[in-house]
Novice: 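What follows is a structure written as structure tokens; I'll ask about it next.
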Protein chains: 4
Amino acid sequence: MNTEKKSTIKRKKIITAAAAVFSQKGFHQAKMDEIATKAQVAKGTLYYNFSSKSLLFSATVTEGMETIISQVREELVSDLPFSDHFRLLVSTMVRLHIKHNDLTLICFNEISSGIDDGVLEEIRKVRTRFIDFIAELLTVGQAKGYIKDIDVQLAAVALAGIIDSVCSHILLNPRKTSRKKAVDTLHEILSSGFLKA
Amino acid sequence: MNTEKKSTIKRKKIITAAAAVFSQKGFHQAKMDEIATKAQVAKGTLYYNFSSKSLLFSATVTEGMETIISQVREELVSDLPFSDHFRLLVSTMVRLHIKHNDLTLICFNEISSGIDDGVLEEIRKVRTRFIDFIAELLTVGQAKGYIKDIDVQLAAVALAGIIDSVCSHILLNPRKTSRKKAVDTLHEILSSGFLKA
Amino acid sequence: MNTEKKSTIKRKKIITAAAAVFSQKGFHQAKMDEIATKAQVAKGTLYYNFSSKSLLFSATVTEGMETIISQVREELVSDLPFSDHFRLLVSTMVRLHIKHNDLTLICFNEISSGIDDGVLEEIRKVRTRFIDFIAELLTVGQAKGYIKDIDVQLAAVALAGIIDSVCSHILLNPRKTSRKKAVDTLHEILSSGFLKA
Amino acid sequence: MNTEKKSTIKRKKIITAAAAVFSQKGFHQAKMDEIATKAQVAKGTLYYNFSSKSLLFSATVTEGMETIISQVREELVSDLPFSDHFRLLVSTMVRLHIKHNDLTLICFNEISSGIDDGVLEEIRKVRTRFIDFIAELLTVGQAKGYIKDIDVQLAAVALAGIIDSVCSHILLNPRKTSRKKAVDTLHEILSSGFLKA
DNA sequence: GATGAATGAGCTTTCATTCAT
DNA sequence: GATGAATGAAAGCTCATTCAT
């Protein structure tokens, strides 16, 4: 038991370090050396726990995204009337998106960059997993009669994209754009679109 | 005249090949050897025309995006009534986004991954340039009284993000999602939002 | 103990190989491949131990020169009367200069050729270190009343130069010039100059 | 005639530029591009006049050294009594050595650095030519009864080495060492050696 | 005679991965 | 389980040289 725990702790240290480095540098620019140093572990230990860089990346992303999804789920449990609930959804997603910027960056931007095909597939699954989760939320909204009768899958993709884009913009231009204003605008657009009634 | 044309032609061949390889493989996985082969020039010629991989990347993105912007501008000249015009805007952007998938992929996804700082800055400028262009279109719509009084900059970011996300989805799941349906859904969302009236 | 020794041994093998190749080919013409082959290690091992070619060069020169200096110092310990002692100094320097031709060649000839500035500075320090060592010997001679009252720094530079030049000449024309004759002539010149009394 | 002159002028411009660049950067670090730029000539023109970099180097050194030798010869014509004449020899050589530092640097320091064998041979000849010239001066001195009966060839090598070394030292430490003091010390050593009478 | 765009062999350096300890 | 010295394939980049104009 002790031994197993010890190794579990090391595994976590590695994943945490990996998440930080991967998100900061991107897959190809992240070096196993740096991850090992940051995790306070010898390089060999990385390979003892994950058989390749790609697999470490895969594990990092997958586990991280699971965490985010469960956090969103937790925070959305509420008894607010729907109009407030939709606003909460938007602001929660923005907050968590920014908080876990490392992972979302990886998950939404590093899709193309020439990683092992097998691993790429894994990353896509994670992304799909996230989209499905959003679609699920939208379906609930439709069932309750608040959300329009549109293709939830596509709508989820659109929602993820719009939030990712706006959050990245906030992080890149923190002076020009306040988070509150961003949430307001997002909420406005997502509620009733661009056009005047 | 002939000499000048010749060098221009070679430059273009290189840029074209670079766009293809960069978008397919991402910056770090794209190899100068492959670009050279695809452009049917010697590797040295790459460096004779662009002093580094980063600069070639930068030139590829910048020139490509300029092309896209001017194409959108061209296609949007029309005398349609506004409701149709907005639909045209959406469908045009989707079409061109998909057509120039190489460049949009690079431009919207390769922002983080450890490229030279100077070049990164350049890429950001290109992205900003595109956002500004969209914002400009939205401002015109506001002036004509069709578009809501929202922050155009943020709205442009949102618009770019939503289109990018949906187009990537179409390309990744060509069987599941037809382009027409995607445009319809996008138009619906962008016109009047997710919520029932 | 064993582990430490092993890495030390490899380091030494590399330095030895590097000294041979650098002196034979000069800094720019020396190839890391050749040094690796000669040291019987993989090229990566060179970089594992020395972070760049320049630094390997620097280490090679510095460590080598230290060795020479301590050898000269050892061999000069003697109780000979001064007149013999001065002859011993000259012949010892000639012998060691020729024996360690690799290093002296590097140290006195490769000063200009476009190496990293930082490393160049290091090489200059080594050279200065050697000159200072000679100056120290001359100062002792002055204290004992045998050596003229001249600027020891300049005299040391002159002494190093004359010996370097003559030794190179011997090595280049081994048939024409015997080492004994060279030492005799050097001793004559250094003792009482070119001019008749 | 006109055409020939024109090409001669270009040849000279190239040689001048080459001397500057080679001496500043050393053979391997000197780039044909830089020489062409400095000579205000297209790169092809370099190859039109000199079939390779090595040959350009060779020509540069040879022609330069010829110039120096004839300058020394000119300046040494004098009717001074010998004691003054020897001092003049030393100070003249120092002055010209420093003035033509480019060439002397090349000629005395770039001998080893992995240039084409054929060219290396050429450079050695130039060096020998210079040594022979000095030896010739010494022989005259011996004939006149002022210079000791030592091997003139070796003595010339020694003289060249000592002057090269001291001059380099002056150039490297211009603040610490005045040229006058250097000439005085050199003259003292070369006249009557290091030892007290 | 003169040019400069084009070439490609060859170099230094990086870094994921392995394996003896 | 854990380590880190050692590896070597692979990549970006340089630059002397060529040749069509």
Side-chain angles (χ1 to χ4, degrees), chain A residues 3-4 6-7 10-11 28-37 41-56 116, chain B residues 2-4 6-11 14 28-36 40-56, chain C residues 2-4 6-11 14 28-36 40-56, chain D residues 3-4 6-7 10-11 27-37 41-57 116:
Chain A
T3 312
E4 189 189 314
K6 210 171 143 193
S7 79
K10 268 197 179 161
R11 211 189 116 91
H28 289 290
Q29 219 56 10
K31 311 301 172 199
M32 292 301 264
D33 267 296
E34 189 180 350
I35 295 173
T37 304
V41 165
K43 219 195 315 187
T45 311
L46 259 47
Y47 285 89
Y48 186 79
N49 287 279
F50 303 90
S51 52
S52 75
K53 186 185 182 183
S54 292
L55 254 28
L56 171 55
D116 295 19
Chain B
N2 217 344
T3 311
E4 188 191 313
K6 203 173 152 190
S7 75
T8 304
I9 287 170
K10 222 155 228 187
R11 215 192 112 95
I14 292 173
H28 289 291
Q29 216 57 10
K31 310 303 172 196
M32 292 301 263
D33 268 301
E34 189 179 351
I35 295 174
Q40 290 175 300
V41 279
K43 217 195 313 186
T45 309
L46 259 46
Y47 286 89
Y48 186 77
N49 286 280
F50 303 90
S51 49
S52 73
K53 186 184 182 184
S54 291
L55 253 28
L56 172 56
Chain C
N2 217 341
T3 311
E4 188 191 314
K6 204 172 152 188
S7 76
T8 304
I9 286 171
K10 223 155 226 188
R11 216 191 111 93
I14 293 173
H28 290 291
Q29 215 57 10
K31 308 304 172 196
M32 292 302 263
D33 267 301
E34 191 181 348
I35 295 175
Q40 289 175 299
V41 280
K43 220 194 312 188
T45 309
L46 259 46
Y47 285 89
Y48 186 76
N49 287 280
F50 304 89
S51 50
S52 74
K53 186 184 181 183
S54 290
L55 253 31
L56 171 56
Chain D
T3 312
E4 187 191 313
K6 210 171 144 191
S7 78
K10 267 194 181 163
R11 215 190 112 92
F27 180 78
H28 290 290
Q29 219 56 11
K31 312 299 173 201
M32 293 300 264
D33 267 298
E34 190 180 351
I35 294 173
T37 305
V41 165
K43 219 198 311 189
T45 310
L46 258 47
Y47 285 87
Y48 187 79
N49 286 280
F50 303 89
S51 50
S52 76
K53 187 186 183 183
S54 292
L55 253 28
L56 172 55
F57 182 65
D116 296 20

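Side-chain atoms are counted along with the backbone in the values below, which use heavy atoms only and exclude waters and symmetry mates. Proteins come first, then strands; the chains are lettered A, B, ... in the order of their sequence lines, and each starts at number 1.
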Novice: Which atom pair, heavy atoms only, marks the closest approach of A/A30 to A/K53?
Specialist: O-NZ, 2.8 Å
Novice: Of the listed nucleotides (E/dG8, F/dA6, F/dT3), which one gets closest to any side-chain atom of B/A42?
Specialist: E/dG8
Novice: Using a heavy-atom cut-off of under 4.0 Å over every strand shown, decide if C/A30 touches base, sugar-phosphate, or nothing.
Specialist: sugar-phosphate
Novice: Which pair of non-hydrogen atoms, one from C/M32 and one from C/L46, has the smallest distance, and what is that distance?
Specialist: O-CD2, 3.4 Å
Novice: Which heavy atom of B/A36 sits nearest to which heavy atom of B/A42, and what is that distance?
Specialist: CB-C, 4.2 Å
Novice: Any side-chain heavy atom of D/F27 within less than 4.5 Å of one from C/H28?
Specialist: no
Novice: Among F/dA11, E/dA16, E/dA6, find the nucleotide with the atom closest to the side chain of B/K31.
Specialist: F/dA11
Novice: Could you tell me how far apart D/F50 (CZ) and F/dT18 (P) are, to the nearest whole angstrom?
Specialist: 16 Å
Novice: Nearest-Å distance, CD1 (D/I35) to C1' (F/dT17)?
Specialist: 14 Å
Novice: Please round to the nearest 0.5 Å and tell me the distance separating atom CD1 of B/I35 and atom NZ of B/K43.
Specialist: 11.5 Å
Novice: When the distance from CE of C/M32 to P of F/dC13 is rounded to whole Å, what number comes out?
Specialist: 19 Å
Novice: For C/L55 and E/dT12, give me the distance from atom CG to atom C1', rounded to whole Å.
Specialist: 14 Å
Novice: Which atom names give the shortest non-hydrogen contact between C/L55 and C/F50, and what distance separates them?
Specialist: O-CD2, 4.4 Å
Novice: Round to a whole Å and report the spacing from NZ of B/K53 to C1' of F/dC13.
Specialist: 12 Å
Novice: Which part of the nucleic acid, if any, lies within contact of B/K43, taking any heavy atom under 4.0 Å across all strands shown: a base, the sugar-phosphate backbone alone, or nothing?
Specialist: base
Novice: DNA chain E: A/S51 or C/S52, which has the more 5' nearest nucleotide?
Specialist: C/S52
Novice: How many whole angstroms separate atom NE2 of C/H28 from atom P of F/dT14?
Specialist: 15 Å
Novice: If I take atom CG in residue A/L46 and atom C1' in nucleotide E/dC19, what distance separates them, rounded to the nearest angstrom?
Specialist: 16 Å
Novice: Any non-hydrogen side-chain atom of A/N49 less than 4.5 Å from a side-chain atom of A/V41?
Specialist: no
Novice: From C-beta outward on A/T45, which listed nucleotide comes closest to its side chain: F/dT3, E/dA6, F/dA6?
Specialist: F/dT3
Novice: Where does DNA chain E form stems of at least three consecutive Watson-Crick or G-U wobble pairs, each pair having both distances below 3.5 Å?
Specialist: E:2-21 with F:2-21
Novice: Need to verify one output field. Residue with the more 5' nearest nucleotide on DNA chain F, B/G44 or B/Y47?
Specialist: B/Y47
Novice: Nearest whole angstrom, please: distance from the P of F/dA20 to the NZ of B/K10.
Specialist: 12 Å
